[in-house]
Novice: 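Could you have a look at this structure, given as structure tokens, before my questions?
Computed over heavy atoms, backbone and side chain alike; hydrogens, waters and symmetry mates excluded. Because the structure is predicted, anything quoted here is derived from the model rather than measured.
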Amino acid sequence: MRFRDKIARFMWGRYGIDGLYYGLFISYFVLIVVQRFIKVDFIKAIISLVALALLIFMFFRVFSRNIAARRKENEKFMRIWTRTKNFFVLQKNKIRDIKNFTYKKCPACKAALRLPRKKGKHNVVCPKCRNRFEVKNWF
Ligand SMILES: [Zn+2]
């Protein structure tokens, strides 16, 4: 039997790689790099231990046969990751558009709305939930 076939046979019914795998992998790497710049031995040891735990968890998940549980973990992680990513994209867009647009949250559905930056009071209709509300721009 070829080596590749042996691996394929070993991985049969096991969970494998997903978004959380990459998240753990990157976190592990970041911790290893950060740990190198820390001078206090005690804190350095804790960070190394956490990094090792992440690595073990990462491999445990890849070879796990409990696919339903691993899928659930990944869904949770991806939800948090998407929310975090969207937050940073919004901050980036706010800076990019600072001259011409203002960003407001709809008080009803919490959607982020990009509005033209015009001084004064304006009536706004949320395109997502049709809620009407007033917006004040100071500059
Ligand atoms: Zn709304």
Side-chain angles (χ1 to χ4, degrees):
M1 208 193 293
R2 281 195 189 155
F3 184 65
R4 258 179 71 184
D5 297 332
K6 276 185 183 171
I7 287 186
R9 185 179 244 194
F10 176 72
M11 286 309 291
W12 184 254
R14 293 177 196 266
Y15 185 65
I17 287 168
D18 61 5
L20 179 52
Y21 171 87
Y22 291 111
L24 289 167
F25 187 74
I26 289 163
S27 306
Y28 169 77
F29 241 77
V30 168
L31 285 179
I32 291 298
V33 171
V34 164
Q35 175 254 128
R36 291 193 172 259
F37 293 99
I38 295 211
K39 296 278 183 281
V40 185
D41 280 346
F42 175 67
I43 294 171
K44 206 177 173 125
I46 288 177
I47 293 174
S48 301
L49 219 65
V50 171
L52 184 68
L54 289 183
L55 199 68
I56 291 167
F57 186 49
M58 192 176 98
F59 281 112
F60 160 76
R61 292 187 75 257
V62 169
F63 300 123
S64 170
R65 289 183 192 275
N66 190 350
I67 288 169
R70 302 292 85 79
R71 234 178 234 156
K72 236 180 201 169
E73 286 165 4
N74 189 53
E75 268 168 32
K76 235 184 234 171
F77 168 75
M78 292 311 283
R79 228 174 292 139
I80 295 167
W81 167 246
T82 307
R83 230 178 280 155
T84 311
K85 199 180 69 186
N86 288 349
F87 173 80
F88 284 106
V89 168
L90 181 63
Q91 301 315 309
K92 194 194 81 188
N93 291 346
K94 274 183 185 177
I95 293 167
R96 181 196 63 197
D97 297 335
I98 199 155
K99 261 188 168 172
N100 303 317
F101 295 98
T102 174
Y103 283 76
K104 302 280 180 192
K105 231 181 212 171
C106 167
C109 73
K110 310 291 180 220
L113 309 177
R114 189 177 76 157
L115 308 166
R117 190 180 280 288
K118 278 187 217 153
K119 204 174 159 183
K121 275 186 193 173
H122 304 284
N123 287 311
V124 177
V125 179
C126 171
K128 214 173 162 190
C129 70
R130 298 281 148 206
N131 172 47
R132 287 171 182 277
F133 62 102
E134 200 172 73
V135 162
K136 257 184 244 168
N137 283 330
W138 300 102
F139 59 93

Novice: Measure across Gly19 and Met78 and return the closest heavy-atom pair with its distance rounded to 0.1 Å.
Specialist: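 Minimum heavy-atom separation between Gly19 and Met78: CA-SD, 3.9 Å.
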
Novice: Evaluate side chain to side chain contact (heavy atoms under 4.5 Å, CB included) for Met58 paired with Leu54, printing each intermediate quantity in order.
Specialist: CA-CA 6 Å; Met58 192 176 98; Leu54 289 183; over 6 Å; no

Novice: Of the non-hydrogen atoms in Pro116 and Thr102, which two are nearest, and what is the gap between them?
Specialist: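 Looking at all heavy atoms of both residues, the shortest contact is O-CG2, 4.0 Å.
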
Novice: Check each of Tyr15, Tyr21, Tyr22 against Asp18 using the side chain to side chain donor-acceptor pair (under 3.5 Å) test, and report the only one that passes.
Specialist: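 Testing each of Tyr15, Tyr21, Tyr22 against Asp18, the sole residue satisfying side chain to side chain donor-acceptor pair (under 3.5 Å) is Tyr15.
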
Novice: Give me the atom names and distance for the closest heavy-atom approach of Ile67 to Gly13.
Specialist: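 Minimum heavy-atom separation between Ile67 and Gly13: CD1-O, 3.7 Å.
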
Novice: Determine the minimum heavy-atom distance between Met11 and Val62, stating which atoms define it.
Specialist: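 Looking at all heavy atoms of both residues, the shortest contact is CE-O, 3.6 Å.
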
Novice: May I ask you to decide if Arg70's main-chain N or O and Arg61's side chain share a donor-acceptor pair within less than 3.5 Å?
Specialist: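 Indeed, once roles are kept as given, a pair shorter than 3.5 Å links the two residues.
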
Novice: Kindly compute the distance separating NZ (Lys105) from SG (Cys126), expressed to the nearest 0.5 Å.
Specialist: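 Between Lys105 NZ and Cys126 SG, I get 12.5 Å after rounding to 0.5 Å.
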
Novice: On the 0 to 90° scale, with breaks at 30° and 60°, tag the Phe77-Trp81 ring pair as parallel, tilted or perpendicular.
Specialist: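 Parallel, since the angle between the ring planes stays under 30°.
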
Novice: Taking Ser64 for the side chain and Phe60 for the main chain, is one N or O donor matched with an acceptor at less than 3.5 Å?
Specialist: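 Checking the backbone N and O of Phe60 against the side chain of Ser64, no donor-acceptor pair under 3.5 Å is found.
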
Novice: Quick check: closest heavy atoms across Trp138 and Lys119, and the distance to 0.1 Å?
Specialist: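 Looking at all heavy atoms of both residues, the closest pair is O-CE, 3.7 Å.
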
Novice: Apart from Trp12 itself, what residues make up its hydrophobic cluster, given side-chain heavy atom links below 4.5 Å?
Specialist: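 Its cluster mates, by chain and number: none.
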
Novice: Asp97 side chain to Asn100 main-chain N or O, any donor-acceptor pair under 3.5 Å?
Specialist: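 Not at all, since once roles are kept as given, no pair shorter than 3.5 Å links the two residues.
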
Novice: Grab the two heavy atoms, one from Ile32 and one from Ala51, that are nearest each other, plus how far apart they are.
Specialist: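 For Ile32 versus Ala51, the nearest heavy atoms are CD1-CB, 4.0 Å.
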
Novice: Assess whether atom CZ of Phe63 is packed by more than 12 heavy atoms of other residues, nucleotides or ligands within 6.0 Å.
Specialist: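 Above 12, so yes.
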
Novice: Is Arg117 reaching over with its side chain to a backbone N or O of Ile98, donor-acceptor style, under 3.5 angstrom?
Specialist: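 Side chain of Arg117 to backbone of Ile98, a donor-acceptor pair under 3.5 Å: yes, one is there.
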
